[in-house]
Amino acid sequence: MNIEIWSDFMCPFCYIGKRRLENVLAQFPHRDEVKLQFKSFELDTNAELNSGKTNAEYLAAKYNMSVEQAKGMNAQMNANARTAGLEYNIDEMIPTNSFSAHRLTHWADTQGKMLELSERLFKAIFMEGKHVGDTDVLIQLAEEVGLDRNAAAEVLASNQFADQVRADQAEGEQLGIRGVPFFVFDRKFAVSGAQPDDVFRDAIQKAWDERSPFTMVESSTANADAGGVCTDDGCEVPQSDKPSK
């Protein structure tokens, strides 16, 4: 089963939703047969690389509220994150443009490290207050998850994987995605937002059940003596077909 996750690294609910999904998957008996794939969805493609604002100042300006009100929002977000097992320090979050982080994640995917880098980026932003719009920071984070720092630097110095980021964004918009996180299960079921665990659990089970191309119809009688089956080991003769002595 394939689960696609449209998200933005600047979105605090994206990390919370990611962790809730992972917590549910950890209890799913078929976890090893589930593939996670992150898709880029920038919430603000025009975000400044270096705004010089604290997160509270950024929120106050965006939502036309006081800085104190914004700090109250941050406190609520920290509490929300704890319900997913995350210790946010969102007051220290540095607002920035996430485009380079998304490009780097697409490159990490070619190296088999997309999940590791995505997790490291979210942690760096919401728990450590790192500036992921800074090239040196991105290179360091890439190296921490086992990626080659020189190769990472080359990607960031170029425009590589820009098309992939934009393609993800366009694909998401074609699917009707207007906000993130957005989770798509085998292109059959979707979950919008950092929903409670039971919502993810239900979506995962429904998507898994839908994988079967057909539904088995069994006999409704207690004495099901028909329906012989042949396998590589031979044929099982139904009771009613066995010769009488």
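Bear in mind the structure is a predicted one, so any value in this text is a computation, not a measurement. Residues take their numbers from the sequence shown, with the count starting at 1.
Between Glu57 and Lys62 no salt bridge is recorded (no basic side-chain N to carboxylate O distance below 4.0 Å). With respect to Lys113 and Asp109, no salt bridge is recorded, no charged nitrogen being found less than 4.0 Å from a carboxylate O. Checked for salt-bridge contact, Lys18 and Glu119 meet the test: a charged N lies under 4.0 Å from a carboxylate O. Between Arg187 and Glu171, at least one side-chain nitrogen of the basic residue sits less than 4.0 Å from a carboxylate oxygen of the acidic one, meeting the salt-bridge criterion.
Using a distance-only test at 3.5 Å, with no hydrogens or angles considered, a donor-acceptor pair links the side chain of Ser158 to the main chain of Val155. Not a single donor-acceptor pair under 3.5 Å links the side chain of Asn50 to the backbone N or O of Gly52. Checking side-chain atoms of Asp134 against main-chain N and O of Val137 turns up a donor-acceptor pair under 3.5 Å. Using modelled atom types, one side-chain atom of Asp168 and one backbone atom of Ser40 make a donor-acceptor pair closer than 3.5 Å. Looking only at distances, a side-chain donor or acceptor of Gln195 sits under 3.5 Å from a matching main-chain atom of Ser192. Under the 3.5 Å distance criterion, the side-chain polar atoms of Gln169 are matched with a main-chain donor or acceptor of Glu42.
Atoms CZ and CE, on Phe99 and Met10 in that order, are 14.0 Å from each other to the nearest 0.5 Å. Once rounded to the nearest 0.5 Å, the distance linking CD1 of Ile204 with CG of Asp209 reads 12.0 Å. Between Ile3 atom CD1 and Leu36 atom CG the span is 5.5 Å, to the nearest 0.5 Å. Distance check: Cys11 SG to Asp44 CG gives 13.0 Å after rounding to the nearest 0.5 Å. For the atom pair Ser66 OG and Leu59 CG, the distance stands at 11.0 Å (nearest 0.5 Å). Taking CE from Met127 and CD1 from Ile90, the interatomic distance works out to 12.0 Å, rounded to the nearest 0.5 Å.
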Glu4 and Lys35: CA distance, side-chain angles, deciding distance, salt bridge (Lys or Arg N to Asp or Glu O under 4.0 Å) verdict: CA-CA 8 Å; Glu4 298 163 291; Lys35 177 185 176 183; over 6 Å; no
Go through Asn78 and Arg82 one step at a time and tell me if the side chain to side chain contact (heavy atoms under 4.5 Å, CB included) criterion holds. CA-CA 6 Å; Asn78 287 340; Arg82 283 193 290 273; 4.0 Å; yes
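Within the 4.5 Å cutoff, the side chain of Thr96 has heavy atoms near those of the His131 side chain. No side-chain heavy atom of Asn89 sits under 4.5 Å from any side-chain heavy atom of Glu128. Side-chain contact between Val184 and Phe189 is absent, with no heavy atoms from C-beta onward closer than 4.5 Å. Ser100 is listed as a side-chain neighbour of Leu138, based on a closest heavy-atom distance under 4.5 Å.
Ring pair Phe41/Phe182: centre-to-centre distance not below 6.0 Å. Here the two rings, on Phe200 and Phe183, have centers that are under 6.0 Å apart.
Asn74 and Asp91 are linked by a side-chain donor-acceptor pair at a separation below 3.5 angstrom, with hydrogens and angles left out of the test.
For Phe13, the CZ atom sits in a loose shell: 12 or fewer heavy atoms of surrounding residues, nucleotides or ligands are nearer than 6.0 Å. Within 6.0 Å of CG on Asp198 lie more than 12 heavy atoms contributed by other residues, nucleotides or ligands.
None of Glu144, Glu143, Glu154 except one satisfies the salt bridge (charged side-chain N to carboxylate O under 4.0 Å, His left out) rule with Arg149; the exception is Glu143. Each of Phe122, Phe126, Phe38 was compared with Phe9 under the ring pair (Phe, Tyr, Trp, His ring centres under 6.0 Å) criterion, and only Phe122 meets it.
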Can I get a per-line list of side-chain donor-acceptor pairs under 3.5 Å for residues 24-32, giving both atom names and the distance, sequence neighbours left out?
| unit_1 | atom_1 | unit_2 | atom_2 | d |
| --- | --- | --- | --- | --- |
| His30 | NE2 | Trp208 | NE1 | 3.4 |
| Arg31 | NH1 | Val34 | O | 3.0 |

